[in-house]
**Student:** 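Following this message is one structure expressed as structure tokens.
The shown structure was predicted, so the numbers you read here are calculated from the model rather than taken from an experiment. All heavy atoms count here, side chains included; hydrogens, waters and symmetry mates do not. A note on names: the letters A, B, ... follow the listed sequences, proteins ahead of strands, and every chain is numbered from 1.
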Amino acid sequence: MSDKTNKPDENERADAGGPHFIEQIIQEDLASGKHERIHTRFPPEPNGYLHIGHAKAICVNFGLAKKYDGLCNLRFDDTNPTKEETEYVDAIQDDIRWLGFDWEDRLYYASDYFEQLYAWAEKLIQEGRAYVDDLSADEIRAHRGTLTEPGKNSPYRDRSAEENLDLFRRMRAGEFPDGSKVLRAKIDMASGNINMRDPVLYRILRAHHHRTGDDWCIYPMYDFTHGQSDSIEKITHSLCTLEFEAHRPLYDWLTENLEIYPPRQIEFARLNMSYTMVTKRKLLKLVQEGTVSGWDDPRMPTIRGMRRRGYPPAAIRNFCDMVGVAKVNSTVDLAMLEYCVRQELNLHALRRMTVLHPLKLVIENYPEDQVEEMDAVNNPEKESDGSRKVPFSRELWIEKADFMEDPPKKYFRLSPGREVRLRYGYFVTCTGFEKNDAGEITEVRCTYDPATRGGDSPDGRRVKGTIHWVSAAHAVPCEVRLYDNLFTVPDPAAAEDVQAALNPDSLQVLTGCMGERSLGEVEEGQRLQFERQGYFCVDPDSKPGAPVFNRTVGLRDSWAKIQKQQAGGKKKG
RNA sequence: UGGGGCGUCGCCAAGCGGUAAGGCACCGGGUUUUGGUCCCGGCAUUCGCAGGUUCGAAUCCUGCCGCCCCAGCCA
């Protein structure tokens, strides 16, 4: 038996187009024999949680390695002990694994290379290509010049190799206070590229490192670490984001002067998304001020947030393939991510019926204590998921929005005198309703047609609408959390005031929702479709018999569009 | 007004001298026991602008214009 799976095949990649520019380079390198097999790496700094932007970098690095039968390492770029923590190295590994990637036994830390890096620094010093500078940070800045004016040489620039070596060794030995000296590359203070104006290679920093403890009081800078780490690991293609483009000359200068294996750095554009902000500092503030519940708040653009929200890892991977790899700064429409999430969930999420805003429906001609077990398909996209029994009885919960006393045009649901189908149940015809003093509908009454059991009409009679329902006597009360964009502006990162850009309605908590009987037993993290409403997943806050669901994303809603059009039409007269 | 990048549909993105792929979004129509899915159709005479080369240019040349990155002892 074959599943009736539609379009997106398991093996089908959601490519944006032909091979992108990095793939072209890889293909050429493989064809020319420059490399027998490619080797990439994902090099996060363990100073925070991974977000959607990192997801793209992960997919690019691990994805390319996989596609071209190469390898991808995970390497923590941990050269700044003041910012890095073990908590993050654990979380990062967890997130990458969850995304579906594996570095096997190739887990590395730049800090593992400190001794080698130090030796290379001495080599540079001995060859007159690096010197110890006594200038203060402010003085170095002043000597650096500006974008349009060249810098000035440090007065310490011409110390002898012997003196530099002695000083550098004493730096390591801890003879000088923090910040009193640095090691600099001797390149060109007049270079148009500011990164080449004698960049700092080492600084004195007495801080406890999460891995090397207090072994070192001098730490290498990014520029003096990254390329060499790539070299040590024989990385063939070192992929990074655009802002490192100006660092490439330095990257190359170092591998050249150190005479070590030269990986090739290639830069591509980082991922930006509309209505989303990944600025670590600002995100941290949201967490600290309690605007969100934590780094895993389902509204957060973090991998943990998306995970709790219910985004399947495959959806994120597809999304990353879909947006492509290029050098243009771009901002991808959030709708594209949501499309990928729906696509994945449509194929794999089991269907269930849940009433979010309950309204009692009484079937007047249905026997008082009769209960029927109706067959309901678990997933129309996947026959092998089978079906389940859903109890049907005289009193049901239906969605408030599925009844209107005075419906507008094109409204296909229940209203006085109108017949609709109760999904997998019966055809029912509205016979009346009750209101309270406030004018709210409190109950709807109807009669059913026994001949339409299961929802089919033997006489071929058609109804325009099909609504979902839950047997009142069998309902599982639950909490449902609805999410919307955290921000109301397309580019929150550019907002002067983050607080003002926040969407006050980004979270809506619904209590007293009524789920079908099967929802009494769910597993944390389980992803479901609540028919006609959207995709939901079981939140860790769930308790036995009292599930809490997060709305991952709503179903596409053409009725909402019609309503919007009708409202717009009225406005314009 | 230094250096390095980038400009193809509302948003991504192919295109690599032979006469503008694809996806998202949007708009129509069909199927449908989810107003979901799926299916069909529409959606850039034009590639930041202006010149030039060529039988022929989004693709080559020149000059403009616009946007992004770099002046951490951050990565």
**Student:** Measuring to OP1 and OP2 of B/U37, would you say a side-chain N or O of A/Gln343 lies under 4.0 angstrom away?
**Tutor:** no
**Student:** Between A/Phe268 and A/Phe21, does the ring pair (Phe, Tyr, Trp, His ring centres under 6.0 Å) criterion hold? Intermediate values first, please.
**Tutor:** CA-CA 9 Å; A/Phe268 64 95; A/Phe21 81 102; 7.8 Å; no
**Student:** Distance check, C1' atoms only: B/A75 and B/G22, in whole angstrom units.
**Tutor:** 36 Å
**Student:** Identify each atom pair where a protein N or O and an N or O of nucleotides 16-19 of chain B are less than 3.5 Å apart, giving names and distance.
**Tutor:**
unit_1, atom_1, unit_2, atom_2, d
B/C16, N4, A/Gln24, OE1, 3.4
B/C16, N4, A/Gln24, NE2, 2.8

**Student:** So, A/Phe536 versus A/Phe549, ring centres under 6.0 angstrom or not?
**Tutor:**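 Judged by ring-centre distance (under 6.0 Å), A/Phe536 and A/Phe549 do not meet the cut-off.
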**Student:** For A/Ile92 and A/Pro46, work out which heavy atoms get closest and say how close.
**Tutor:** CD1-CA, 3.9 Å
**Student:** Under 6.0 Å between the ring centres of A/Phe114 and A/Tyr109?
**Tutor:**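 Here the rings of A/Tyr109 and A/Phe114 have centres that are no less than 6.0 Å from each other.
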**Student:** Could you measure between the two C1' atoms, the one in B/U31 and the one in B/C68, and give it in whole Å?
**Tutor:**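 To the nearest whole Å, 48 Å.
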**Student:** Would one find a side-chain N or O of A/Lys561 under 4.0 angstrom from OP1 or OP2 of B/C27?
**Tutor:** yes
**Student:** Is the ring centre of A/Tyr49 less than 6.0 Å from the ring centre of A/Tyr88?
**Tutor:** yes
**Student:** Using the side-chain heavy atoms of A/Asn346, tell me which of these nucleotides is nearest: B/G5, B/U37, B/U34.
**Tutor:**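 Of the options given, the side chain of A/Asn346 lies nearest B/U37.
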**Student:** Between A/Phe412 and A/Trp559, does the ring centre distance come in under 6.0 Å?
**Tutor:**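 No, the ring centres sit 6.0 Å or more apart.
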**Student:** Quick one: A/Asp456 CG to B/U32 C1', roughly how many Å, whole number?
**Tutor:**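 The distance from CG of A/Asp456 to C1' of B/U32 comes to 13 Å, rounded to the nearest Å.
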**Student:** Base, sugar-phosphate, or nothing for A/Arg248, non-hydrogen atoms under 4.0 angstrom?
**Tutor:** nothing
**Student:** Need the pair for B/C49. Rule: Watson-Crick or G-U wobble, both distances under 3.5 Å, any strand; none if unpaired.
**Tutor:**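 By the stated definition (distances under 3.5 Å), B/G63 pairs with B/C49.
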**Student:** Kindly label the base of B/G72 as syn or anti, based on whether its glycosidic torsion lies within 90° of 0.
**Tutor:** syn
**Student:** Taking protein heavy atoms under 4.0 Å as touching, what does nucleotides 68-75 of chain B look like 5' to 3' if B marks base contact, S marks sugar-phosphate-only contact and - marks none?
**Tutor:** SSBBSBSB
